[in-house]
Amino acid sequence: MNKIWLVTQREYLTRVTNKTFILTTLLAPLGILVFMAAVVLVMSTGSDKAKIINVYDPSGLLQNEFKSRDNLTFKFSNESMDAQKTLYKEKKINGILELPPLTDSLAKSYVYKYHSDDQLAMDENFAIESAIGKKIRDFKLKKLNIDAKTLENLDTDVQAEPVTILEDKKISSITTFVSSALGGIVGYAMFFIILFYGMQVMRSVMEEKINRIIEVLISSLKPFELMMGKVLGVGLVGLTQIGIWLILMPIIYFIGAALFGINTEAMPNPVNDMNPEVALTFQSKASQIFLELRSMNWWFILPLTLFYFLAGYFAYSALFAAIGSAVGEDINDANSLTFPIMMPLIFSIYIGFSAVNAPDSSLAVWSSMIPLLSSIVMPVRLPFDPPWWQIGISVVSLIIFTIFLVWLAARIYRVGILMYGKKATFKELSKWIFYKD
Amino acid sequence: MNNEKPMNVLSLQNVVKTYANHRAVNDVSFDVKKGTIFGLLGPNGAGKTSLIRIITTITAADSGQVYLNGQPLNRLHPNDIGYMPEERGLYKKMKVGEQLLYLAQLKGLSSKDAKVKLRHWLEKFEILNWWDKKISDLSKGMSQKVQFIATVVHDPSLIILDEPFSGLDPINANLIKDEIFQLKEKGASILFSTHRMEQVEEICEDIVLINHGKILLYGGVANIKNDFKEHKFSVKYEGSLPESLNFGGYEIVSNQANELIFKGQSGQTSIQLLKSLLDSNVNIISFNEILPSLNEIFIKKVETSNE
């Protein structure tokens, strides 16, 4: 046990003190933040030149109301077009918006003219179009003698309210959405974490074999102790890295917000750009999501997710260690051997995606109880409150199978690390399992 | 001498190891006496590495027994063995100090003890300033020194060195050789595996020669050489040799540049030869028995066993 701990310590410390590790761990969240800031910056940089635009609206379509926005200032002017064009030539204005009268109150389309040698930016065009559209709508309503209130009552917001029959469980229409999103994110994250750190275990095994220190090591401790120490050490590195990211992300976000002056108000707020009705439902949806997230049984989801992560990580990284032991000097040999391990991993992420849509499908239910698949599929299903017996079977079978896999991997590993020269095949690997010590 | 302590640091009894369909170790028995340097000899693929792996508990024997200090091999024994494999290996990117500390702790030393002992060894080799250097920055000879320290830092009672001088320049080879003798003086036993016979003759007291997993020869170096002697004598002389002379039943193998080589039968003594030489009235400068070199014995034995 003591020797496993020594190996764990070495694996952990050499990795954590490695410059590349420190840089990626610290810079990754910073990188994401910089990227996000850049996106925000690019998106919010529309046309920044202040423009004065005269509005020529002889028929009074806009009723002298046109809100200026950011860099666009609108001025109503009833002077003749020629007079206004002179103003343009004198560079007193940047353009003229000419609104012809609306002849047909049922017209499906309306064309306005914008006189200028410079084109309007896309967002400017869009803002002007939607403002005119709204005015035309009001104008039409008036012409057709329709009360705006009456019209609003025509639209109905249809929602489903799921009600459980046998179970006493409060669910809302948003539950499915939130559970799906949560399940999807967790499943995807598990996939990458297991793959990434499993590969690190494999590389670490290969390193010891290639630089030949392995023989010195296993004359000091059992191969099983070495393998377990490695798996534990790299696993702890993974937890450390994820932990640092979870802490750093909000901190860097706030620092970034303070430094770059990115605040929520300056950011293009989707709610502001929507029309009021949609914005209202959006806001209520958002608050519903938060309520939903709060009402989730985190005491149940979090520990179980952690369990599935650890069990999955152990099972897969032990297999990666076994493969690493079988690979000789040539890293390319590893590819053909890792493929069969990647298969269930890739398979389970696809089942996980389908489980997001149909968490109670027989595919999802069965694969959430089959070891190797379950470590990714079950966490996806957890927010959907799967029955206890399924979780029970899944947990027990995963524990048993993980122990079996670690044992199996250790059998291969102990032989593989001392084999040099020939390229190992799966047939040979299976023979190694039955070798005597 | 304490009678309770066994005389042998290592004792192998009828050890057998079979891999798939080839018998790597076939009924091997030998003892390594305490405080001696023991040579494990054999051509490539003879089964030396298989034997060493059994002794170091990397693998287990299919049958037979291995005793370390009188006890059957157990889980704690690796801490009492130091092993330097032929294929040297260290973590390239790890610092010398950290690496040695790790390897010493794996051998059961506490971090504190390990530091004290490492300091002693690094000072001895005048490389204390390498503590923070990475192995990848060291030359091959330099990293061999580090490897040697890793093998002996935990004061093992049995030290197994597989071709310890390969790749070393004469100066470093001598340094390691001196260390081996010093360790022996301090009571450690050394199992020295090699196929460089001149080193064996110089260093080892006892040897075992194996081929195809079987023991061909086992015993003290002096005894073995004696067993294989061909009763040859070399005589250097001045003057001219009488033409017909009976050299006490010895026949002349060669006579070149005033050196005579005689060969007799077993049981014959050198007395008759010397007498007849004295009678011949030539001036005798030297008279030596020619003993076979271990190299000759090795080649002879291995060749006959391969037939």
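Heavy atoms only: backbone and side chains are in, while hydrogens, waters and symmetry mates are out. This structure is a prediction, so every number in the text was calculated from the model and none was measured.
At most 12 heavy atoms of other shown residues, nucleotides or ligands fall within 6.0 angstrom of atom CZ in A:Phe347. Other residues, nucleotides and ligands contribute at most 12 non-hydrogen atoms within 6.0 Å of the OH atom of A:Tyr188. Within 6.0 Å of the NZ atom in B:Lys184, the count of heavy atoms belonging to other residues, nucleotides or ligands exceeds 12. Heavy atoms of other residues, nucleotides or ligands lying less than 6.0 angstrom from NZ of B:Lys124 number more than 12.
No side-chain heavy atom of A:Asn18 sits under 4.5 Å from any side-chain heavy atom of B:Lys93.
B:Glu86 does not touch chain A: none of its heavy atoms, backbone or side chain, sits under 4.5 Å away. For B:Arg88, the part lying under 4.5 angstrom from a heavy atom of chain A is the backbone only. In this structure, no portion of B:Glu98 lies under 4.5 Å from any heavy atom of chain A. Contacts between A:Lys431 and chain B at a heavy-atom distance below 4.5 Å are absent for every atom of the residue. With a threshold of 4.5 angstrom between heavy atoms, B:Met84 does not approach chain A through any atom at all. Contact annotation for A:Leu221: only side-chain heavy atoms (C-beta onward) come within less than 4.5 Å of a heavy atom of chain B. If you measure heavy-atom distances from B:Tyr19 to chain A, you find no contacts under 4.5 Å at all.
Rounding to the nearest 0.5 Å places CD1 of A:Ile213 at 13.5 Å from CD of B:Glu87. Rounding to the nearest 0.5 Å gives a distance of 8.5 Å between CD1 of A:Ile218 and OG1 of B:Thr57. One distance of note links CZ of A:Arg414 with CD1 of B:Ile58; it measures 13.5 Å at 0.5 Å rounding.
The interface of residues 201-212 of chain A with chain B, defined by heavy-atom distances below 4.5 Å, comprises A:Glu207, A:Glu208, A:Asn211, A:Arg212.
Qualifying side-chain hydrogen bond (donor to acceptor under 3.5 Å, both in side chains) partners for A:Tyr313, counting only residues two or more places apart in sequence or in other chains: none.
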Pairs under 3.5 angstrom only: tabulate donor-acceptor contacts from the side chains of residues 101-118 of chain B to other protein residues two or more places apart or in another chain.
residue	atom	partner	partner atom	Å
B:Lys107	NZ	A:Ser219	O	3.1
B:Lys107	NZ	B:Pro78	O	2.8
B:Lys107	NZ	B:Ile81	O	3.0
B:Ser110	OG	B:Asp113	N	3.1
B:Lys117	NZ	B:Asp155	OD2	2.7

Please tabulate, for side-chain N and O atoms in residues 22-34 of chain A, each donor-acceptor pair with protein atoms closer than 3.5 Å (sequence neighbours left out).
residue	atom	partner	partner atom	Å
A:Thr24	OG1	A:Thr20	O	2.8
A:Thr24	OG1	A:Phe21	O	3.0
A:Thr25	OG1	A:Phe21	O	2.6
A:Thr25	OG1	A:Gln241	NE2	3.1

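Highest contact tally toward chain A, considering only B:His77, B:Met94, B:Lys92, B:Gln147, is held by B:Met94 [criterion: heavy-atom pairs under 4.5 Å]. Of the listed residues (B:Ile55, B:Leu90, B:Ile52), the greatest number of heavy-atom pairs within a distance under 4.5 Å of chain A belongs to B:Leu90.
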